[in-house]
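For reference, the structure I am asking about is given below.
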Amino acid sequence: MADNLTAVVYGPKDFRLENLERPEPGEKEVQISVQSCGICATDVKIYRYAKLTGLDIEMPFILGHEASGIVTKLGKEVTSLKLGDRVAAEPWRICRYCDLCKSGNYNLCNVKNLGKCLARYVVLPEDFCHKIPEHIDFETAALAEPLSVAIRICTRAGIKLGDHVLVLGSGTIGIFTMQTAKCMGAASVTITDCLSERLVHAKRLGADNTFLVKEQSIPELVDELAKLIGKKPDVVIECAGAKPTIELGMKITKPTGCLLVAGLGPSRIEIPLFETLLSEIDIRGSLAYTNNYPRALNLLSTGKVNIKGMITHRFPLEKVEDAMKLFEENPKDLVKIIIDCSVE
Amino acid sequence: MLLGHEVSGVVSKVGPGVKHLKVGDRVAVDPHTTCRVCEFCKSGRYNLCPDVFFLATPPDSGALARYHVHAADFVFKLPDNVSFEEGACVEPLSVGLHGCRKAGVTLGSRVLITGSGPIGLCSMLCAKALGAAAVCVTDSKRLQMAKSAGATHTLQIPPEATAEELAPKVAELMGGAPEHTIECSGAQFSVNLGVYATKPGGTFVIIGHGPKDVSFPVVACVAKEITIKGSFRYLNTWPTVIEMISCGKIDVNPIISHHFTLEQTLQAFEMAKSGEGVK
């Protein structure tokens, strides 16, 4: 049945909404009727450039990786799910055989592929579909994906009880990172942005301090932020992918601390590398997540992570290109866009 | 069911989708075939997979035969300078390596190994490859092979000794208490020796399978902050062990004591049961 409306990128800005065949589940796989799917910066980068730093992708590429839905078909040998189950979809296909998969690093699998959730139907392996509790709606469950990203960011950054954490950038990842850091026992979490509207959300959702970045120089920022926090932070998480914020992170992290660069930026930037290394500051990256969905769903369902007010815009799947364009315009009131992929 | 889980051989046929091996490749085999979908497999601890197929562990059959079929990603190429015998020994060496990793053995470590059988000796070889400064092997009997295979110290356990009395002798012999102990005998005495002899703050890894319930001094563990860890089989060890044999950091040949043909398997088991040989 060619009723699977799907968001497909064929080339830079060559985007088509097409009715494809519904995908069929193989052994240990399930077919899901997608209900909600979030839009992320990577979707928009692929939409615009038909490529993405750090990920090998081929055209045509089906967008969308932050999804939830209902199980509509079971493949052979499926034991943990049944028809009608409501699930959060962890959108990876991994090989399971390479040395990265077998050492618990499936996010780095050599042959992984991602996504395909901006559609009416998607097929995923059974063990990558996570049941959601009754009281969690599909929009919230879709946010388990960016929250899983935030959990890995915080884990890789080594946040411990009593740490003072600075988050640079108050978008979805920044806000989720801020909340996750608090759940991990951070003594304080300070969050910055150049848009005051975003800091309003961060404050409401639990940030201990917010700081508006204007025209200050980096030394001025280091000074003011260290005063605000009370000391140089133990952990800094850069969620903007921009040279000035990375440089700020390098200058403000305390010696022996950790700077986690989570934002996606240009392939090459000029940074003060050696001073940072000589302070024994660890600079780390983080890619996606491994085995975080259960924790993300637990944080959402117990209210330890609050998403209220984060979903600022909604579009039906038919209007997904409008959503991409809105994301590119980046209006001040934008935090998260959710696409309704359900069949009505 | 067949026995046999310490395997090396030559690839004679390749199934669909196998990319890294071809017919004629000389290989060693990790006996696992895991489920790949459970939380243990996906978090990098496939040795704990509850649905694993593991050679020669009832009801799973083994590889003591002319031909055997195995999941290709658990089969590893041997360099030309690694013999088939050495390739088969990658399995017990892997038990030793996994134990040493869990114990945190590193450059300069002092390591106590209780039990001088194949696993104790393989643990000793791995500890030395990891840069241990001193490796002491204890046993009530067979210590000559430990010495000739490279142990820096050996200690014969006198019949009337208590673990508490023997512990200071270990420290004296080694020039200081060991920070890492690896138990490879299953004997209650050795579990006790591990607790008494390990340096405060050290790590005590238990590999040996002994009686289900064992009496040992818990309070000593607490007061000395000894970390006790169980070590089960191995995890992602084949490439490292093969490379260490190939570059000469591990020489397992001294512990290979007996050779039999497949037709002489029963005699081989009888020899093993007698305790006269090692590997």
Side-chain angles (χ1 to χ4, degrees), chain A residues 25-30 71 74-81 87-112 114 123-131 144 148 151-152 155-156 286-298, chain B residues 11 14-22 25 27-54 69-78 90-91 94 97-98 101-102 231-244:
Chain A
E27 191 176 292
K28 297 202 183 146
E29 293 180 342
V30 298
V71 175
L74 303 175
K76 288 204 185 100
E77 312 277 331
V78 167
T79 51
S80 65
L81 293 169
V87 294
E90 185 179 358
W92 291 104
R93 272 179 188 293
I94 55 169
C95 80
R96 306 184 196 268
Y97 297 98
C98 68
D99 53 359
L100 289 160
C101 281
K102 281 159 80 181
S103 55
N105 300 305
Y106 67 76
N107 58 325
L108 296 164
C109 172
N110 294 311
V111 295
K112 64 182 177 289
L114 169 74
V123 161
L124 281 170
E126 167 188 17
D127 60 308
F128 280 81
C129 298
H130 307 271
K131 282 204 266 220
S148 291
I151 293 171
R152 186 169 180 84
T155 308
R156 291 266 304 154
S286 179
L287 179 69
Y289 33 79
T290 56
N291 305 299
N292 282 346
Y293 264 67
R295 272 184 285 189
L297 289 169
N298 175 269
Chain B
V11 176
V14 162
V18 175
K19 298 200 185 113
H20 72 289
L21 294 171
K22 56 186 195 309
D25 280 343
V27 295
V29 177
D30 176 335
H32 291 88
T33 304
T34 56
C35 85
R36 308 179 191 286
V37 301
C38 72
E39 57 174 314
F40 295 105
C41 283
K42 281 158 77 183
S43 59
R45 297 189 74 169
Y46 70 73
N47 60 325
L48 298 175
C49 174
D51 287 322
V52 70
F53 179 99
F54 193 92
V69 165
H70 207 84
D73 62 310
F74 283 98
V75 177
F76 300 86
K77 264 181 85 161
L78 293 174
V90 175
E91 199 274 349
S94 288
L97 179 60
H98 189 58
R101 279 176 175 167
K102 281 206 171 295
S231 184
F232 187 64
R233 294 175 179 160
Y234 26 73
L235 185 61
N236 295 310
T237 49
W238 258 249
T240 302
V241 174
I242 291 171
E243 232 189 317
M244 292 301 103

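All chains are named by letter (A, B, ...) in the order of the sequence lines, taking the proteins before the strands, and each is independently numbered beginning at 1. None of the values given here were measured: they were computed from a predicted structure.
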Q: Kindly write out the residues that satisfy side-chain hydrogen bond (donor to acceptor under 3.5 Å, both in side chains) with A:E90, not counting sequence neighbours, or none if the list is empty.
A: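 If we apply the side-chain hydrogen bond (donor to acceptor under 3.5 Å, both in side chains) test to A:E90, skipping adjacent residues, the hits are A:Y106, A:H130.
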Q: Please indicate whether A:F128 has more than 12 foreign heavy atoms, meaning atoms of other residues, nucleotides or ligands, lying under 6.0 Å from its CZ.
A: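 Yes, because the 6.0 Å sphere around CZ of A:F128 holds more than 12 heavy atoms from other groups.
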(Q) Tell me every residue that passes salt bridge (Lys or Arg N to Asp or Glu O under 4.0 Å) with A:D99, counting only those two or more places apart in sequence or in another chain. (A)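 Once residues adjacent in sequence are excluded, A:D99 has no partner under the salt bridge (Lys or Arg N to Asp or Glu O under 4.0 Å) criterion.
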Q: Please check if the side chain of B:N236 supplies one atom and the backbone of A:K102 the other of a donor-acceptor pair under 3.5 Å.
A: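 Looks like yes, one N/O pair under 3.5 Å.
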Q. If you take all heavy atoms of A:D127 and B:V37, which pair is closest and at what distance?
A.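 Nearest pair, atom of A:D127 first, then B:V37: OD2-O, 3.4 Å.
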Q: Please state whether the side chain, the backbone, both or neither of B:F40 comes within less than 4.5 Å of a heavy atom of chain A.
A: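 B:F40 has no heavy atom closer than 4.5 Å to chain A.
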Q. Should we count NZ of A:K131 as having more than 12 external heavy atoms under 6.0 Å?
A.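 It does: A:K131 NZ has more than 12 such atoms within range.
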**Q.** Interchain contact, A:S103 with chain B, by part (heavy-atom threshold 4.5 Å)
**A.**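 The answer is both parts of A:S103.
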Q: Would you give the length of the straight line joining atom CZ of A:R96 to atom OG1 of B:T34, rounded to the nearest 0.5 angstrom?
A: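 That separation rounds to 10.0 Å.
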